[in-house]
Each structure stands twice: as C-alpha cells, then as structure tokens.
Peer 1: 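One structure coming up, written as structure tokens, with questions to follow.
If you're wondering where the values come from, they're calculated on a predicted model, not measured in any experiment. Counting convention: from 1, in listed order, for ligands and their atoms alike.
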Amino acid sequence: MSVSQRIVVALGGNAILQRGQKGTAEEQMRNVHATCEQVTGMLRAGYEVVLTHGNGPQVGAVLIQNELGSRQVPPMPMDVCGAETQGFIGYMFCQSLRNIMAERGISGHPPVCVVTQVEVDPRDPAFFHPAKPVGPFFTEEEARRRMELSGESWIEDAGRGWRRVVPSPDPKGIVESDVIRGLVDRGAVVIASGGGGIPVVRRDDGLLQGVEAVIDKDLAGERLAQQVNAQAFVILTDVPNVCVHYGKPDEQKLGEITAGELRRLAAEGHFRSGSMGPKVEAALRFVENGGAFALIANLEQAVEALEGKAGTRIVKG
Ligand code: ADP
Ligand code: MG
C-alpha cells in the first residue's frame with residue numbers, strides 16, 4: 001500500500017453505552033471492546049487512526065456522584081469532571097485495543113490516551129446563553145436555591161424536572177495538538193479530546209484556565225482532525241446515513257454530497273440541533289477548511305464507509 005491515510009474518528013454515545021443499559025463499568029468495557037474491533041478493522045485496512053469520543057452519560061453520572069457525595073467530599077467543577085471521564089474512557093480504549101492487538105498479533109500501533117484541553121474564546125456568545133443541559137434532574141425549589149447560591153443557570157427540561165445548563169462554546173484549537181501529532185507520527189493510536197475536550201480559556205496573562213462549559217465532541221473533533229493534518233474526518237454514530245426529511249414518510253438517505261449542497265440542506269433545517277446538526281456542521285467545516293472528505297456513518301459500517309460503500313460522504317464543492 002502507498003502512504004497511509006490519517007483519519008480522525010469521532011465515536012458517538014453508542015460506542016460506549018447502548019440505549020437502555022445502566023452504565024456499569026462492565027457494560028461500558030464490553031461496548032468499548034466491540035468498538036475497538038471496528039477500530040482494529042480500520043488499522044488493518046491501513047489507516048492511521050486518531051480517536052475521539054463523547055462523554056454525555058459518563059459526565060452525567062460523575063455529576064450525580066458529586067451531588068450525592070458532596071456532604072463528605074468536595075464536588076469537582078465541570079472541567080475536572082471532563083478530565084475524569086476522558087481518563088476512564090481512555091483507559092478502557094487503551095486496554096481493549098492492546099488486548100485485541102495481542103490476540104491478533106498486531107504490532108506497531110500502541111494505544112495512548114491524551115487528556116486534552118480545548119481552547120475556547122472567553123467572549124464566545126455561548127457564555128451569555130448557557131443552553132446545554134448537564135447532570136441530574138432537580139425540583140424547582142432546589143434549582144432556584146442553587147441559582148441564588150451559585151449563579152448557575154437552570155432550566156425546566158421538557159417536563160422532566162429542572163436541570164443545570166452550561167454554555168457550549170465553539171472550539172478554537174486543541175491545546176495538546178503538537179504532542180498528539182508527534183504520537184501519531186510514531187504510529188500510536190491516540191485517543192484525544194474526549195467529550196469535546198476540557199474547555200479552557202487563555203487569560204489576559206496568557207495562562208490557561210478551565211471553565212464551566214461543554215464543547216460539542218464533533219466540532220472539537222473537527223479541530224483535532226485539522227490540527228493533526230488528517231485526510232478524512234469520520235463521524236460514527238447510530239444511524240447509517242444523514243437523511244433529509246428525517247423520520248418522515250419522504251425521508252431520503254444522503255450518499256455522496258458536496259459541501260455546498262449539504263450547506264444548503266442544513267440551512268433548510270433538515271438536521272436537528274442537538275444531534276445531527278453539529279455532525280453536519282463539523283463535517284462541513286472540515287471539508288471547507290481544506291480536508292479531503294468527511295464521513296458520517298454507522299459505527300458498525302466504519303470500514304465499508306471508508307471504502308465508499310456506506311454512509312454519507314461529504315466532498316469538496
Ligand atoms: P452521537 O451520540 O453518535 O453523537 P446523537 O444522538 O447526538 O449521536 O445523533 C445521532 C442521532 O441524530 C440519530 O440517532 C438520529 O436519530 C438523529 N438525527 C436527527 N436528525 C437526523 C437526520 N436528518 N438524519 C439522520 N439522523 C438524524
Ligand atoms: Mg446518541
């Protein structure tokens with residue numbers, strides 16, 4: 001084979017936890033193991049793989065642990081919770097990949113997790129409009145008490161109770177991109193920017209500081225893909241394609257599509273903001289910023305999608 005292609009693969013929630021599961025360590029380890037079989041398939045096909053992943057349910061669980069344990073141990077802020085989940089999820093991936101590689105006699109691709117900070121702009125308008133719900137549900141009374149005590153923002157969430165909301169700023173850059181690139185150059189399978197990375201701002205004195213926010217993992221993955229010079233940005237989720245008229249009788253799957261055409265469809269409102277919207281936006285940014293192509297596909301069809309036999313492929317034009 002010629003020069004191997006470098007790809008950044010963004011894994012969705014289903015790569016770590018399936019619908020209806022409780023979230024035990026065993027369940028997550030089992031799912032991660034199955035995901036790593038897919039990753040091994042990509043390595044076998046000759047790709048240099050950088051992985052990123054979501055952390056919604058995991059950080060939610062850590063926030064519940066924080067709440068319930070707060071009488072005995074100090075609760076940790078969001079940035080620290082993000083770091084915690086990157087660490088444990090990264091561990092699961094590193095162990096699974098090592099075990100699969102050992103069983104199959106694959107060498108030369110040591111897995112490693114880089115706990116990653118992602119820089120955001122302190123003037124990002126998202127900081128003035130916290131909108132991303134995180135953590136457990138509370139009663140209105142408790143939510144109001146917390147708002148007064150801490151200045152946190154809380155909202156009523158679709159009749160299910162009150163929930164804290166945090167800003168979701170746009171990622172500007174991956175702080176550890178140099179070291180990640182170096183590791184990939186040496187053949188490592190790097191797991192980075194988990195959960196969209198730990199959001200940090202650069203203060204006026206030039207130093208970094210964590211903030212209470214959540215970055216979308218697909219948008220952060222796009223930054224990662226640019227900064228490690230990936231040829232392709234691959235978003236793996238739980239549906240086989242991006243669709244127009246999604247869930248309606250005239251639903252249509254998109255195969256290969258130009259960035260220009262997909263932008264037009266996005267403007268028509270085909271892609272929901274909390275789910276497919278940011279994936280489409282991230283894929284578009286990657287291609288518009290000079291990436292060769294982006295894919296949005298089902299986790300189980302990763303290799304087929306790379307071969308052009310499955311998924312939605314976003315190309316220049
Ligand atoms: P992940 O955990 O992989 O990031 P999300 O749940 O955030 O996944 O987004 C994937 C979901 O997006 C799919 O399960 C699907 O229900 C939903 N979705 C919304 N709009 C569309 C669309 N236009 N085409 C395909 N899927 C869509
Ligand atoms: Mg999901």
Peer 1: Please could you name the atoms of ligand 1 that Thr237 approaches to less than 4.0 Å, counting only its heavy atoms?
Peer 2: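 Checking each atom against Thr237, I get 1 (P), 3 (O), 8 (O), 10 (C).
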
Peer 1: Distance to the ring centre below 6.0 angstrom and angle to the axis at most 45 degrees; does that hold for Arg6 and Tyr47?
Peer 2: no

Peer 1: Please report whether ligand 1 has a polar contact with Cys243, defined as an N or O pair separated by less than 3.5 Å (distance criterion only).
Peer 2: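 Between Cys243 and ligand 1 (N or O atoms, distance only) the closest approach is under 3.5 Å.
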
Peer 1: What atoms in ligand 1 come closer than 4.0 Å to a heavy atom of Lys217?
Peer 2: 4 (O)

Peer 1: Regarding ligand 1, does Lys279 bring an N or O atom to under 3.5 Å of one of the ligand's N or O atoms?
Peer 2: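 Yes; the residue has a nitrogen or oxygen that sits under 3.5 Å from a nitrogen or oxygen of the ligand.
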
Peer 1: Find all atoms of ligand 1 within a distance of less than 4.0 Å from any non-hydrogen atom belonging to Asn241, and give their numbers and elements.
Peer 2: 25 (C)

Peer 1: Please determine if Arg160 forms a cation-pi arrangement with Phe137, meaning its NZ or CZ atom is less than 6.0 Å from the six-membered ring centre and no more than 45° off the ring axis.
Peer 2: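 Checked: cation-pi criterion not met.
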
Peer 1: Linking Ile, Leu, Val, Met, Phe, Trp and Tyr by side-chain heavy atoms under 4.5 Å, what else ends up with Leu63?
Peer 2: Met78, Val134, Val166, Val214

Peer 1: For residues Arg263 and Glu288, determine if any side-chain heavy atom of one lies less than 4.5 Å from a side-chain heavy atom of the other.
Peer 2: yes

Peer 1: From the options Ser275, Pro57, Gly277, select the one whose nearest heavy atom is closest to atom 19 (C) of ligand 1.
Peer 2: Ser275

Peer 1: Could an N or O of ligand 1 be found under 3.5 Å from any N or O of Asn14, whether backbone or side chain?
Peer 2: no

Peer 1: Just by modelled atom types, is the Leu306 backbone N or O under 3.5 Å from a matching donor or acceptor in the Arg313 side chain?
Peer 2: yes

Peer 1: Check whether any side-chain heavy atom of Met276 sits under 4.5 Å from a side-chain heavy atom of Tyr246, and report yes or no.
Peer 2: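 Sidechains of Tyr246 and Met276: no contact.
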
Peer 1: Between Lys172 and Asp124 (salt bridge meaning N to carboxylate O under 4.0 Å), is one present in this structure?
Peer 2: no

Peer 1: Counting only heavy atoms, which portion of Val239 has something under 4.0 Å from ligand 1: side chain, backbone, both, or neither?
Peer 2: side chain

Peer 1: Would you kindly confirm whether Phe93 and Ile235 end up in one hydrophobic cluster when ILVMFWY residues are joined by side chain heavy atoms under 4.5 Å apart?
Peer 2: no

Peer 1: Between His270 and ligand 1, which part of the residue brings a heavy atom under 4.0 Å of the ligand: side chain, backbone, both or neither?
Peer 2: backbone

Peer 1: Report the member of Gln252, Met276, His53 with the shortest heavy-atom distance to atom 20 (N) of ligand 1.
Peer 2: Met276

Peer 1: Counting each atom of ligand 1 from 1 as listed, which ones have a heavy atom of Gly13 under 4.0 Å away?
Peer 2: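 Checking each atom against Gly13, I get 1 (P), 2 (O), 3 (O).
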
Peer 1: Determine whether any heavy atom of His245 lies closer than 4.0 Å to an atom of ligand 1.
Peer 2: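 Heavy atoms of His245 never come under 4.0 Å of ligand 1.
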
